[in-house]
2 protein chains.
Amino acid sequence: MSQKLLKQLTERKHRDETGLFLVEGKKSISELLASDFEVETIYATLETVSEFETAGAEQGKRTGITPQVICITEEKLAQHGTFRSNNAGVAIARQKPLFDVNHILERAKKELVIVLDDVRDPGNLGTIIRTADWFGVTHIVCSDTTTDFYNPKVIAASMGSFTRVRVTSLSLLQFLGIAREQKIPSMGAFLDGRNIFETKSPTHGFLVMGSESHGIHEDIEPFITDRITIPRFGKAESLNVATATAVILATLMQK
Amino acid sequence: MSQKLLKQLTERKHRDETGLFLVEGKKSISELLASDFEVETIYATLETVSEFETAGAEQGKRTGITPQVICITEEKLAQHGTFRSNNAGVAIARQKPLFDVNHILERAKKELVIVLDDVRDPGNLGTIIRTADWFGVTHIVCSDTTTDFYNPKVIAASMGSFTRVRVTSLSLLQFLGIAREQKIPSMGAFLDGRNIFETKSPTHGFLVMGSESHGIHEDIEPFITDRITIPRFGKAESLNVATATAVILATLMQK
């Protein structure tokens, strides 16, 4: 077991350098093996090893690359996993190439694309990926200050949806500038926008969500063509960013 | 600094025994001091000590109980807080008495009350409390297997909303039985219920949300009078329980 590589891949620096990432736990690895990600190695416990071997062989037939499956003890696994309740295994997979800007812009002319400005919490990003997948959003654009898509906590919180939602990381300022030139609408969530429960919203373009602590940054604000708000009925100061994203997506889907 | 008490209050057993709980961080302590909770002691750093003294004195005028404010160093605080980015302080406050069952039932005849069946993750419970507070829901009923409302991670994730949302912990089986006898509607979130985007829902009664891993338990199901579902447009298997609660509340509020 390449203990060193597993440990290294918990850090963004090494993920960026190698182009690899970790997938932990039974559900996430099963979804990984049902996807078109390239999987290099799976360290599996006795409980899951034959299941992963079968699924890995199936994936090999589809993609041409069959992952190596190595049996390890639960104790050994526990030393290397980044989250506690994993008694299934850990996989090393290859990151997908980033989409180029034009691909994303073309998408946004036809469908809704989520844009995250400086979302730092991996649990929030993972939950947003899962929610996007539920509501049929397939592309997320992240500011380069947003937490890494391939962070093991993001992968875990996405509950397998990391295999279906594509994430691109770039400088938002430039990107939203081009979007504006191409007249693609950019909705942005603020505390003082128009009430999304009352007015019809576009079903294509960008939905920009701000950071947990600052909301949408000032330098991004001028690119927002439609300031929206979830109406408040009680007294909380704000909503969690993953919660707010879900409420907005659900509201847009109802129209 | 009563190091022992601070350490003990991170455990449910000691919180139950003493009736006390911890509140950490500037925002949460500020909201605590603006509420009618009884606050016993605040350990504050140099940065916050005078602000908390002023707010504590104000609270004392309103409630008759002025918290003791003790200045400590950031280093000392870091040894005792349960989360990392707290350089403001930690407060010890008294838990509120639980409401009795009749009070909750009367509430549910007029407004929406959230019921959580075995929600285990403190971050999810905290986020649900915050979301409830945003949408004007003031009461949450938790199964006795749901994570403790006064867990420091729940308090932190609620972002101050723990001061405005009241939570009661009880045996759901008996409770929902009484609700049914009194003909109070109980909506429950399932993967195969009616589409909430299409049909009108009651704006009073109970909204029952199931656990992260099992959904609503089998023994609770017979008490659900209205099986509801958030329609799926993509491929995720499920939504996070806090996300689903938010989407349902938002949808009910639009009608």
Side-chain angles (χ1 to χ4, degrees), chain A residues 27-28 30-31 34-35 85 111-112 120-121 123-124 126-138 157-165 191 195-198 203 212-213 229-255, chain B residues 27-28 30-31 34-35 85 111-112 120-121 123-124 126-138 157-165 191 195-198 203 212-213 229-255:
Chain A
K27 181 178 163 56
S28 293
S30 299
E31 296 250 21
S35 76
S85 57
E111 61 195 64
L112 204 68
R120 298 291 179 101
D121 182 80
N124 281 339
T127 304
I128 290 171
I129 293 166
R130 182 179 178 187
T131 305
D133 188 24
W134 180 274
F135 286 114
V137 172
T138 57
S158 84
M159 295 293 280
S161 291
F162 72 94
T163 60
R164 287 177 295 267
V165 175
L191 288 168
N195 179 342
I196 51 160
F197 291 177
E198 283 175 358
T203 51
E212 292 90 348
S213 43
T229 292
I230 300 166
R232 176 168 65 175
F233 298 82
K235 288 179 179 163
E237 252 178 44
S238 63
L239 285 169
N240 168 286
V241 61
T243 303
T245 306
V247 168
I248 293 170
L249 290 182
T251 306
L252 297 180
M253 295 298 154
Q254 289 175 60
K255 286 165 182 173
Chain B
K27 178 174 165 58
S28 293
S30 299
E31 296 249 20
S35 76
S85 58
E111 61 195 64
L112 203 69
R120 298 291 178 100
D121 181 81
N124 280 341
T127 304
I128 290 171
I129 292 167
R130 181 179 179 188
T131 305
D133 189 23
W134 180 275
F135 286 115
V137 172
T138 58
S158 85
M159 294 294 280
S161 291
F162 72 93
T163 61
R164 287 177 295 268
V165 175
L191 288 168
N195 178 342
I196 51 160
F197 291 178
E198 283 174 358
T203 50
E212 292 90 348
S213 42
T229 292
I230 300 165
R232 177 167 64 173
F233 298 82
K235 289 180 178 162
E237 251 179 43
S238 64
L239 284 169
N240 168 286
V241 62
T243 303
T245 306
V247 168
I248 294 170
L249 289 182
T251 307
L252 297 180
M253 293 300 153
Q254 289 175 59
K255 285 165 182 176

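Just so it is clear: chains get the letters A, B, ... in the order the sequence lines come, proteins before strands, and each one is counted from 1.
B:E237 touches chain A through backbone and side chain together, each having a heavy atom under 4.5 Å away. Heavy-atom distances place no part of A:L249 under 4.5 Å from chain B, backbone and side chain included. The contact between A:T131 and chain B is made by backbone and side chain atoms together, counting heavy-atom distances below 4.5 Å. With a 4.5 Å cut-off on non-hydrogen atoms, B:S238 touches chain A through its backbone and its side chain both. Heavy atoms of B:I248 lying under 4.5 Å from chain A are absent altogether. For B:R130, the parts sitting under 4.5 Å from any heavy atom of chain A are the backbone and the side chain alike.
By number of non-hydrogen pairs under 4.5 angstrom with chain A, the leading residue of B:P231, B:G123, B:A132 is B:P231. Ranked by heavy-atom pairs under 4.5 Å with chain B, the first of A:I129, A:V165, A:L239 is A:L239.
Minimum heavy-atom separation, B:A250 to A:V247: CB-CG1, 3.6 Å.
In this structure, NZ on A:K235 lies 9.5 Å from OG1 on B:T163, to the nearest 0.5 angstrom. B:F197 CZ to A:M253 CE: the interatomic distance, rounded to the nearest 0.5 Å, is 8.5 Å. In this structure, the separation between CZ on A:F233 and CG on B:L112 is 12.0 Å, given to the nearest 0.5 Å.
Annotation: B:E111, atom CD; neighbour count of heavy atoms from other residues, nucleotides and ligands within 6.0 Å is above 12.
Each of A:T243, A:I128, A:T127 was evaluated against B:N240; a single residue qualifies, A:T127, per the side-chain contact (heavy atoms from CB on, under 4.5 Å) test.
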